[in-house]
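What you see is a predicted model; the values in this text were computed from it and never measured. Computation of the quantities below employed the complete heavy-atom set of this structure, encompassing side-chain atoms and omitting hydrogens, waters and symmetry-equivalent molecules. Here is how names work: the chains are called A, B, and so on, in the same order as the sequence lines, proteins then strands, and each is numbered from 1.
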Amino acid sequence: MKTSQLLIPTLREDPGEAETVSHRLMLRAGLIRKTAAGIYTYLPLGLRIIRKIEQIIREEMNRAGAQELLMPIASPAELWKETGRWEYYGKELLRFKDRHERDFCLGPTHEEVITDLFRREVRSYRQLPLNFYQIQTKFRDEIRPRFGLMRGREFIMKDAYSFDTDDAGAKISYQKMYDAYTRIFTRCGLTFRAVEADTGLIGGDVSHEFMVLAETGEATVVYSDQGSYAANLERAEVLPPSHPDDELPRPLTPVATPQCRTVEEVTAFLTISSRQLVKTLLYRADKETVAVLIRGDHDLNEVKLARLLQVTEVQLADPDTVSRLTNAPVGFAGPIGLTGVRILADHAIHMMRNMVVGANRADTHYVDANWDRDFRVDQFADLRNAQAGDPSPKGPGFLTLAKGIEVGQVFLLGTKYSKSMNATILDDQGKERLAIMGCYGIGVGRTAAAAIEQNHDEKGIIWPLPIAPFHVHLLPVSQSAKTADAVSRLYTDLSANGFEVLWDDRDDRAGVKFNDADLIGAPFQIIIGDKGLADGVVELKVRRSGEKSRVAPPDVVTHLLRLFGNTGLTPPAHSTFLA
RNA sequence: CGGGGCGUAGCGCAGCCCGGUAGCGCGCCUGCUUUGGGAGCAGGAUGUCGGAGGUUCAAAUCCUCUCGCCCCGACCA
């Protein structure tokens, strides 16, 4: 395709609105333009990338036995009221009324719609297992859209839903999707990890997230440096410490700590390590307020706390509540003499001796507090975030932390939706059973963004071959008839051999073309000019390495095929996991 | 929703504090020259200064309201 027939509005300067690499490069390379906050138009080049990713997804979903369908983007409130998510989903669900004043929403996900279809159309266990998927635009009215396609409000997602007769079958369906996802992201040329995940608003029992490892990722993943354990930080288990401190208990002593509220202030003032300090955090969980004890150098994990308390969300108590319960300003809460609330403590507290805690009195802390002697703990639990160096909770090794971009997530839902929507089938005994479901999502635009985060340099994007908008970028750099003729022949030759070719036919200087080509990031560039043609060659440049070779025009196709991996247009293999 | 910031030409920005003819770079158009890593010279076009109201002889500039956008946080696939 000729550049003159394609709108590719590249930008020489960085747009002010973009912060991350992928957002900046998508705008600069002319892939997307913003229409409203978190809402983008895909320009021709950007759409080609999206389509490439979609195609890989389709092939792998079909291979895994899933069937494609397409659900509506608008869905009626009744379905959402059946599962309770009309209320539960909150403001993220964009609602509107039709002309008859009936309530609708734009689909943020489609469990309700597919379960409704399933219960109407499927009767017998003989029809199972089933797995339906679609690639479709979703809308979630995000609190804060950011980073371009990384977190948009409107975004393209592949979502799939499996239905099985029993748990064993559902596990197989889940595993098939897990394997399909592994193939998909491998084929997209991404370095990723599948990690154990929390289930959030979707619900369910088991879940993995597929994380593309990148500095700009919004999620934190932990993984064992030796074993296979990997999890989202929200989820990562922390083993209780095995050895108690060997100090002997000393007598409890109050000390003045004027104006020392934070861990930093208190430890600096008392010249102690943050490991000796215990933070007492007061949390609201539905109607209850609880106190949570966490060692000074640890961070509370709110997801774990919410799960322990069996509530959907927890939040720090407001200052008024804190001072009412502790009789002290925020910063001096402690477990000693604290009444009226349950006291929960992280496992680490169990082993501590002679800790420093707030005294529930302004400007005062206690030193040498011991929980079994000086205060009560109602329950010990795993309540903190894992830290680098913690032992892996499963298998060998120690934990490492990394940032990741969540490009996909798979859930084993169980009967969460089939139950509330009464989606049943008859089993081989003629008995009604609830379908066992799973659901599986991939953010298509986010996958493209993640690919850029992992594949770029200071000049621009370096597309992995399988998702590149074009394989080859032809760059004529002379104006002569000779060059024009050579380019035209090459274009025909390459196209006839199945290569997707972008031909820069603009009347621009070589430098402009080189820079745009590097920015757009086709894996291969062919530079055609009088200088080379005088020697009977063109230059073939590999975008990633910058390596150039001089090739006679009739040999270009063969040469490229060899670079593609000797197997026609099958892209070369990419590594899956980080070492 | 809380905190911070920004809306001036297609893009990136200056001008605003201290009111008085709206600017710079890039891009765009025309011509000539140039042509292998973002060309040179000459000429040219382009703005309801986000919107509404107010103060003033006079508002991009001061005041009020409003809309949009970005960043941090809370939240989230």
Side-chain angles (χ1 to χ4, degrees), chain A residues 9-20 23-24 27-28 30 33-39 89-93 107-111 138-153 155-159 197-204 207-211 217-219 232 234 302-303 306 312-316 318 404-411 439-447 450 459-460 475-480 483 504 506-519 525-534 538-539 541 546 548 550:
Chain A
T10 55
L11 302 175
R12 185 192 286 215
E13 290 170 273
D14 278 337
E17 68 185 62
E19 202 72 354
T20 52
H23 189 193
R24 222 169 53 224
L27 290 167
R28 280 196 57 202
R33 284 295 183 263
K34 187 173 64 183
T35 300
I39 299 178
Y89 225 103
K91 288 190 179 169
E92 221 174 290
L93 192 63
T109 174
H110 280 73
E111 283 81 8
K138 299 275 189 274
F139 198 99
R140 295 183 189 173
D141 201 355
E142 282 287 335
I143 298 171
R144 186 149 89 84
R146 55 182 132 178
F147 306 150
L149 296 194
M150 202 74 92
R151 178 177 294 280
R153 292 194 290 169
F155 58 102
I156 299 172
M157 180 173 173
K158 187 286 302 177
D159 47 324
D198 188 58
T199 50
L201 269 184
I202 306 287
S207 179
H208 285 86
E209 287 165 332
F210 286 76
M211 296 282 193
E218 293 183 85
N232 190 311
E234 291 177 350
E302 293 188 356
V303 174
T312 53
E313 105 179 302
V314 294
Q315 55 186 52
L316 270 173
D318 58 86
I405 299 164
E406 185 203 333
V407 288
Q409 186 164 13
V410 292
F411 299 83
C439 75
Y440 317 92
I442 291 178
V444 177
R446 192 182 275 188
T447 300
K459 305 225 87 175
L475 306 170
V477 294
S478 303
Q479 278 60 48
S480 68
T483 293
D504 192 342
R506 296 175 301 173
D507 182 21
D508 262 304
R509 304 176 68 81
V512 174
K513 295 185 180 182
F514 289 146
N515 281 305
D516 270 355
D518 287 345
L519 179 61
Q525 296 170 13
I526 298 177
I527 300 150
I528 305 105
D530 291 348
K531 218 163 80 181
L533 289 176
V538 297
E539 276 173 84
K541 177 179 154 186
K548 287 183 187 169
R550 291 157 64 84

Can you tell me how far [atom2] of [N] sits from [atom1] of [X], to the nearest Å?
X      : N      : atom1 : atom2 : value
A:R146 : B:rC70 : CZ    : C1'   : 12 Å
A:R12  : B:rG10 : CZ    : C1'   : 14 Å
A:E539 : B:rG37 : CD    : P     : 11 Å
A:K91  : B:rA77 : NZ    : P     : 18 Å
A:D516 : B:rC26 : CG    : P     : 17 Å
A:R506 : B:rG27 : CZ    : C1'   : 13 Å
A:K531 : B:rG37 : NZ    : P     : 7 Å
A:K548 : B:rG36 : NZ    : C1'   : 8 Å

Report which part of the nucleic acid [X] touches: base, sugar-phosphate, or nothing (heavy-atom distance under 4.0 Å, all strands).
X      : result
A:G532 : base
A:I143 : base
A:R33  : nothing
A:D508 : nothing
A:K138 : nothing
A:L475 : nothing
A:G152 : base
A:G441 : nothing
A:Q525 : nothing
A:E17  : sugar-phosphate

*Taking N and O atoms by type only, does the side chain of A:D518 place a donor or acceptor under 3.5 Å from a partner on the base of B:rG37?*
yes
*Checking only heavy atoms, does the side chain of A:R151 share a donor-acceptor pair with the base of B:rC76 at less than 3.5 Å?*
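In this structure, the two groups form a donor-acceptor pair.
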*Choose from B:rG37, B:rU35, B:rC69 the nucleotide whose nearest atom is closest to any side-chain atom of A:A37.*
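Side chain of A:A37 sits closest to B:rC69.
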*Side chain of A:A36 (C-beta onward), nearest among B:rG37, B:rC11, B:rC69*: B:rC69
*Start with the C-alpha gap between A:F210 and A:I442, add the side-chain angles, then the distance that decides, and say whether side-chain contact (heavy atoms from CB on, under 4.5 Å) holds.*
CA-CA 9 Å; A:F210 286 76; A:I442 291 178; over 6 Å; no
Any-strand Watson-Crick or G-U partner of [N], both distances under 3.5 Å:
N      : answer
B:rU46 : none
B:rC41 : B:rG31
B:rC11 : B:rG25
B:rG53 : B:rC63
B:rC1  : B:rG73

*asked:* If you compare all heavy atoms of A:D518 against all heavy atoms of A:K459, which two are closest, and at what distance to 0.1 Å?
replied: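 Scanning both residues, the minimum pair turns out to be OD2-CD, 3.6 Å.
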_Nearest non-hydrogen partners of A:I528 and A:I526, listed with the distance_ =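 Of all heavy-atom pairs spanning A:I528 and A:I526, the closest is CD1-O, 3.4 Å.
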*asked:* Stacking between B:rA77 and A:F155, yes or no? Criterion: centroid separation under 5.5 angstrom, plane angle under 30 degrees.
replied: yes
*Roughly how far apart, to the nearest Å, are B:rG37 and B:rG47 at atom C1'?*
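About 35 Å, rounded to a whole number of Å.
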_Between B:rA45 and B:rG31 - C1' atom distance, rounded Å_ =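 Looking at atom C1' only, B:rG31 and B:rA45 are 15 Å apart.
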_Intermediate values then yes/no, side-chain contact (heavy atoms from CB on, under 4.5 Å), A:D141 and A:K91_ = CA-CA 7 Å; A:D141 201 355; A:K91 288 190 179 169; over 6 Å; no
_Any A:R509 side-chain nitrogen or oxygen under 4.0 Å from OP1 or OP2 of B:rG37_ =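 No, no such contact exists.
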*Counting only side-chain N and O atoms of A:K34, is one of them less than 4.0 Å from OP1 or OP2 of B:rC70?*
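Yes, within the criterion.
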*Does the side-chain contact (heavy atoms from CB on, under 4.5 Å) test come out yes or no for A:E92 and A:E142, once each step is laid out?*
CA-CA 6 Å; A:E92 221 174 290; A:E142 282 287 335; 4.2 Å; yes
_Pair A:Q479-A:D507, side-chain donor/acceptor within less than 3.5 Å_ =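 There is no such pair between these side chains.
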*Residue that, paired with A:R146, satisfies salt bridge (Lys or Arg N to Asp or Glu O under 4.0 Å) out of A:E218, A:E17, A:E19*: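 The option that passes is A:E218.
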